[in-house]
There are 2 protein chains.
Amino acid sequence: MHLRFVEVFCDVAQRRSFSKGAAAHNLSQSSASQAVSFLEKRLGTKLIDRSKRPLELTPAGRVYFDGCRELLERFRAIEDQVQQFHDRVTGTVRVAAIYSVGLMQMEQSVQTFAERYPEARLRVEYLHPDQVCEQVQNDEADLGLVSFPRPSGEIVSLDWQRQPMVLVAPPAHRLASQPSIGLSELDGEDYIGFTRDLTIRREVDRWLKRARVAVNVVHEFDNIETIKRAIEIGSGVALLPSPTVWQEISSRTLVAVPIADSEFFRPLGIIHKRHKQLTAAVQKFIELLQHEAPEPVPGATQAGQADAVGQAPDDRVAGRARGRSRSKRAPV
Amino acid sequence: MHLRFVEVFCDVAQRRSFSKGAAAHNLSQSSASQAVSFLEKRLGTKLIDRSKRPLELTPAGRVYFDGCRELLERFRAIEDQVQQFHDRVTGTVRVAAIYSVGLMQMEQSVQTFAERYPEARLRVEYLHPDQVCEQVQNDEADLGLVSFPRPSGEIVSLDWQRQPMVLVAPPAHRLASQPSIGLSELDGEDYIGFTRDLTIRREVDRWLKRARVAVNVVHEFDNIETIKRAIEIGSGVALLPSPTVWQEISSRTLVAVPIADSEFFRPLGIIHKRHKQLTAAVQKFIELLQHEAPEPVPGATQAGQADAVGQAPDDRVAGRARGRSRSKRAPV
DNA sequence: CTCTAGTATCGCAAAAATTGATAGTAGGCT
DNA sequence: AGCCTACTATCAATTTTTGCGATACTAGAG
């Protein structure tokens, strides 16, 4: 009669809002309020200080929250373990992905997952890279999909994909018709770059610097979508991970040209918390991701592979992931 | 909507019976059955094998049981911790005591506890010494009250009382009228002893042996009550912890004579599991026990104290402990 | 001081948990 | 083997809990 109440309390505490916490459980705000009241009455202690507007936890509430979070986690783990006896895969896999890892990168895995494990649920949320790490860190997501993964003490990273960087230009651009180009050909070119706070910007800068190439940065954006739009209107060219422009290439609005004389990939990684034991569902999803990565690309992008890069591998529109995956614009 | 179910399952599993598990929760057997069914349906796994008559856990059930036991324990701990913020003492203290630690030894503590912490519950169960240890070991009791406590790896023991051993005889016995006697005076005496499996028997034997006294053991019983009855009908005398005969002494059916020339106490201890964090209620009860021990007796039984030993300190009949404390006969 | 976003409270509707009665089973006994 | 007994599962009815919508209340912003 009240494990659910504890869950609601935790969600309310986490979001610092009754309404939002309730929404997260598909409950009315009224219910959430009553649930917390119930716990408070039971414990004889106020858990939440409502006199502050973004509500605050009382000291007791903090203790209860921390304890219950771990408890719920552990309970999930136990249920999962028991279900393994019958190879039953249930529960929700919460994935936090950077904007540029769109469904395109995961579509196959998502679909296979939904088919193979109909009792499990998948929730994918697209976020800023920092937020992805944050959510994984705070146990708000089971898995994070990030670029240039940087394992730290608390976070483990599994290699996932290596996306070749290609030159992206409008079809009419002077470089667009070549089968491949050397990096030096970009010297002085008008260029649309990422903002400097993003790892990919720093990596690209290093790459160009090593090749002693200086581009003329005319714009900086923090997401790929905007960069592509800027290229389309002729503001300049950009170096982007090839899978992120498949769509535009297949619709002939942009052209991708492989870089011939220098290798550079954007590595994608799957991150998760180190000491958290992953549920079967999470493990299965990782397996699928690793197995069905659209482009393992162990080799490299070489001159003459232009066609291969230019081909969008699949035009099916993504079969929507189950659960509500906040559909935001999909930058970086 | 289901923490209670988990509790019921654990109780059912522990008692290996739906009916008994249900009873332990004041539920109908029907409910218990449905509760377990619910969990099984939820997990998609049978937890209990009903085809065996004392029911058995399936492998999955075992895992679930172990996991949930720890979980519930932890949850209790969290709730307890939170309630401490307001010095609220709740929950149940489960005490397992050996037969001979009757209410007489605890009455004051029990009463004070009930008054001071009305929201807490106390359940005392009287058992065979081995069962006391077993219950503490298996987390079926929070505290054990035992004699000759022997702390082991898993069990911690706190000293509680030192009960002076006295000679107990019928009023008409030749030794009964003396203010005190020497141990050697018992040589050759008809004697009612404990059975050899009890620690107290072995300790008494050692004591007598060291004094080079040999008694004539005419009967052996595993509990004090029966020994007292045997003494009353004149079968012999016995060496017993003095508090265990207060009742008979005050009603003049037996006489206790202190031993003058040799000190011997039956030590009582409070045992609990080492690594289990005790709830506030348990801690408070321990405090009461230690503070209100009826006879701390730091010194010793000396000649001339006969009167003191002979006085039953209090004739009030014990105000019954709350919760159902199986009232069994009260041996050892 | 008013306005807004966010909460508590109340009565009612919906969904449970619980029960008692009853049918079904495993294991012991003759 | 077959009955008996002690348990357990199932079902329908009832009681209890939970959830919701409407409405009153409150902290903080402007």
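Here the structure is a predicted model, which means the values were calculated and not measured. Below, each value reflects all heavy atoms present in this structure, side chains not excepted, and no hydrogens, waters or symmetry copies. In what follows, chains are A, B, ... by sequence order, proteins preceding strands, each numbered from 1.
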Grab the [atom1]-[atom2] distance between [X] and [N] for me, whole Å please.
X      : N       : atom1 : atom2 : value
F18(A) : dT26(D) : CZ    : C1'   : 13 Å
H25(A) : dT18(D) : NE2   : C1'   : 15 Å
L3(B)  : dT17(D) : CG    : P     : 16 Å
F38(A) : dA16(C) : CZ    : C1'   : 14 Å
K46(B) : dA9(D)  : NZ    : C1'   : 11 Å
K41(B) : dA9(D)  : NZ    : P     : 12 Å
E56(A) : dG6(C)  : CD    : C1'   : 15 Å
N26(B) : dG20(C) : CG    : P     : 13 Å

So, taking the atom named NE2 in H275(A) and the one named CD in E154(A), what distance separates them when rounded to the nearest 0.5 Å? 6.0 Å

Could you tell me whether S30(B) contacts a base, only the sugar-phosphate backbone, or nothing, with contacts defined as non-hydrogen atoms closer than 4.0 Å? base

Students often get this wrong, so: under 4.0 angstrom with heavy atoms, is S33(A) touching a base, only sugar-phosphate, or nothing? base

Just jot down the salt bridge (charged side-chain N to carboxylate O under 4.0 Å, His left out) partners of [X], sequence neighbours excluded, or say none.
X       : value
R74(A)  : E70(A), E70(B)
E73(B)  : R76(B)
R53(B)  : none
K228(B) : E225(B), E248(B)

Has S28(B) got a side-chain N or O lying under 4.0 Å from the OP1 or OP2 atom of dG20(C)? no

To the nearest 10 degrees, the angle between the two end axes of the helix from dC1(C)-dG30(D) to dT30(C)-dA1(D) (five pairs per end) comes to 30°

Side-chain donor-acceptor pairs under 3.5 Å in residues 10-17 of chain B, sequence neighbours left out?
from: D11(B); atom 1: OD1; to: R15(B); atom 2: NH2; distance (Å): 3.4
from: D11(B); atom 1: OD2; to: H25(B); atom 2: NE2; distance (Å): 2.7
from: R16(B); atom 1: NE; to: L55(B); atom 2: O; distance (Å): 3.0
from: R16(B); atom 1: NH2; to: P54(B); atom 2: O; distance (Å): 3.1
from: R16(B); atom 1: NH2; to: L55(B); atom 2: O; distance (Å): 3.1
from: S17(B); atom 1: OG; to: S19(B); atom 2: N; distance (Å): 3.3
from: S17(B); atom 1: OG; to: K20(B); atom 2: N; distance (Å): 3.0

Taking it one step at a time, do Q34(A) and S30(A) satisfy side-chain hydrogen bond (donor to acceptor under 3.5 Å, both in side chains)? CA-CA 6 Å; Q34(A) 290 175 75; S30(A) 174; 3.1 Å; yes

Sugar-phosphate atoms are those with a prime plus P, OP1 and OP2; base atoms are the rest. Using that split, label each nucleotide of nucleotides 22-30 of chain C B, S or - for protein heavy atoms under 4.0 Å, 5' to 3'. ---BBS---

For Q34(B) and R16(B), find the nucleotide of DNA chain D closest to each by heavy atoms; which residue's nucleotide sits nearer the 5' end? R16(B)

Given dC20(D), dT7(C), dT19(C), the nucleotide with the shortest approach to the side chain of S31(A): dC20(D)

Return the nearest nucleotide to the side chain of K20(B); candidates are dG19(D), dC7(D), dT7(C). dC7(D)

Qualifying salt bridge (charged side-chain N to carboxylate O under 4.0 Å, His left out) pairs, either residue in residues 88-100 of chain A, two or more places apart: R88(A)-E119(A), R94(A)-D142(A)

Pair up each side-chain donor or acceptor in residues 56-66 of chain A with any protein partner under 3.5 Å, not counting sequence neighbours, and list the distances.
from: T58(A); atom 1: OG1; to: K46(A); atom 2: O; distance (Å): 2.8
from: T58(A); atom 1: OG1; to: L47(A); atom 2: O; distance (Å): 3.1
from: T58(A); atom 1: OG1; to: G61(A); atom 2: N; distance (Å): 2.9

